[in-house]
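Okay, so here's the structure we're looking at.
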2 protein chains.
Amino acid sequence: MERSMSMRPPTIRDVADRAGVSKSLVSLVLRGSEQVRPEKREAVLRAVRELGYRPNAAARSLSEQRTRTVGVLLNDLRNPWFVDMLEGLNSLLHDNGLHMLLADARLNRRTGQDPAGPFLDLRVDGLVVVGTLPDPAALGAVAERLPVVVAGAREPTLPGVDIVVNDDERGARLVTEHLIGLGHRRIAHIAGYGAVGELRRRSFEATMREHGLADEAVVESSDMTEEGGYRTTVRLLSRADRPTAVFAVNDIAAIGALSAAEESGLRVPRDLSVVGYDNTSIARLRHVWLTTVDNASHEVGRRAARCLLDRFEGAGGAGELHLAKPTLEIRGSTAPPVVG
Amino acid sequence: MERSMSMRPPTIRDVADRAGVSKSLVSLVLRGSEQVRPEKREAVLRAVRELGYRPNAAARSLSEQRTRTVGVLLNDLRNPWFVDMLEGLNSLLHDNGLHMLLADARLNRRTGQDPAGPFLDLRVDGLVVVGTLPDPAALGAVAERLPVVVAGAREPTLPGVDIVVNDDERGARLVTEHLIGLGHRRIAHIAGYGAVGELRRRSFEATMREHGLADEAVVESSDMTEEGGYRTTVRLLSRADRPTAVFAVNDIAAIGALSAAEESGLRVPRDLSVVGYDNTSIARLRHVWLTTVDNASHEVGRRAARCLLDRFEGAGGAGELHLAKPTLEIRGSTAPPVVG
DNA sequence: TTGCATATTTGGACCGGTCCATTTTCTGTC
DNA sequence: GACAGAAAATGGACCGGTCCAAATATGCAA
């Protein structure tokens, strides 16, 4: 078993020689054929074990014309909301004999290259784009060649590209109704950009309107970062008609809102209720304990996998929009307003 | 340019036909040979552009007997301290024409398979193991076949495997001296497990001893999670001789300590100073603003890349230990103790 | 024992690149 | 215009698998 680094890994022919059969038979055994006499199968498996043989993925995919591999392009590893989603994605892919390769769009972007480039070169069988890409332009050409699913973002909308995402309209409504139900009337929304930001904002506004609170709704834009959430909240809190609750477009911005409140001497949730979106691991920290919307990322991942699997089966058709059902995760950052 | 999904990507022969040259010439052009007449080179490049040709990585690596790809095995995507490190790693690898593939050891572990298996099948040229693996046993066999570097962890120690990590002894000393310098005497350490945990604890104890504070040092073990940090701190704070400062083995545990303090009605940093380790993005949140040790992860990444590159050049030798220099990042969670 | 149907096994063509030994095409010189 | 030497271009053998048509082995009935 002693093998040095310089010596090359055993090939299927080495296995065949050792087992005293042809390479074709080894191939049959390894791919689980029933048409092999048990003693030969044993001999082959023993040789495989003794040599520590592992099939060469490059050779196999070259010949099979498929890699059994799906590329996952993450928009930014620093936003860890996608970890649950990857688990959902991986569980289903794995059950179907597929592997997952990860890449960070931001890391490879510095070079001005198409971030999916390496995946294309590897001839992955499908691509999952997670989150909103910095430069979605290149995606169109990719989608012409292989199944592409966008997960956790609403853009870009491309022919033949499925989109799997939580129902932002519903999520924002859950939050708004929760706050209204607690007795809040003057409620602010820290809005974000892009289709997701717009949907959440619209749904917030609509829900406020439905409850006759159109005039109590305050909307301020931000850039979906902690810094942005902080600055926007500082602005909000300095208003004469200070809101008693803030609904931020995502958890990160909500964390910024928390610090702004703290800095203004307001206690959360006594003096100000704060809600986020995404149910990030940060929101779950005891020290933060943020009421937020769980965006069902595990389910999003599973459905994204389902979409790919269906397309592998040959299902064509235009891209569909799949909505997973978000739920409200009530924690410690919301409470009834102090009657003042 | 209209191409459908069913139609297979162009090969080097398609390019050759279109450019009216042989496939060998196309290969020469693509690999940047000087030995090609300018007009032919132009013709080839034009054909490449017009067909949208991308070389097939499988075919190339099969023939070249190398993949120009490095596998990065992350212990857990939920612990995002490694993002900076990946940037450092990637920058150097990229400059040398190498690609990076990511995998999460936890995701693929469920199957009881070797988490590095897919990388082995892909015949990556090298492997970077980030953090402490759940099951390091399998690594030994891998290291016999290709260069392996462990980054951000001290285990396992294997022949021929380099280890790149920040200097935990120095980091813990920086923290302890910082706290002592502020005037703290009774200082607690929330210890962790493994070689890293041990080094930090030992260094804390040694530094306390050097300052004649051996009797003031309190050490409690934890599991390096938020929950663990919380529970340990609750225990610490209920002691008669309550410490005025807590040094947690990592940021996550420190966050747990923060909530415990908060819950006990203690203000940080007025009543209790808290320090973490790793300078995670969480520590940088304004709402947390944790004094912590920056473990120089970018530098660790660069050095890990350097190790691999050296081994690719043929440098052999036993595995070395490379220490990057950590620095203290003083934020808002530490202050002089209130004289009581 | 032979013959035939069925069960196993095998050689060899491919997959799409790289690379080297050879062939073909240029140059410049006489 | 012929010719040597250099420059440019090419064919074909590989890399390590899969897969299919063809070859061989086995089992059973006659």
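The structure presented is a predicted model; accordingly, all values stated were derived computationally and were not measured. All chains are named by letter (A, B, ...) in the order of the sequence lines, taking the proteins before the strands, and each is independently numbered beginning at 1. Atoms considered below: every heavy atom in the structure, side chains included; atoms not considered: hydrogens, waters and symmetry mates.
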Keeping D162(A) on the side-chain end and C307(A) on the backbone end, is there a donor-acceptor pair under 3.5 Å?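 Checked: no pair found.
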Can any side-chain N or O of S297(B) pair as donor or acceptor with the backbone N or O of D84(B) at less than 3.5 Å?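 Answer holds: no.
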Thinking salt bridges, do R303(A) and E299(A) make one under a 4.0 Å N-O criterion?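 Yes, R303(A) and E299(A) are salt-bridged.
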Determine, for R60(A) against D121(B), whether the closest basic-nitrogen to carboxylate-oxygen distance falls under 4.0 angstrom.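 Answer for the salt bridge query: no.
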So if I define the base as every atom that isn't primed, P, OP1 or OP2, how would nucleotides 8-18 of chain D read as a B/S/- string at a heavy-atom cutoff under 4.0 Å? SSBBB--BBBB
Applying the side chain to side chain contact (heavy atoms under 4.5 Å, CB included) test to L127(A), which of L308(A), V72(A), V142(A), V150(A) qualifies?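 Among the candidates, only V142(A) passes.
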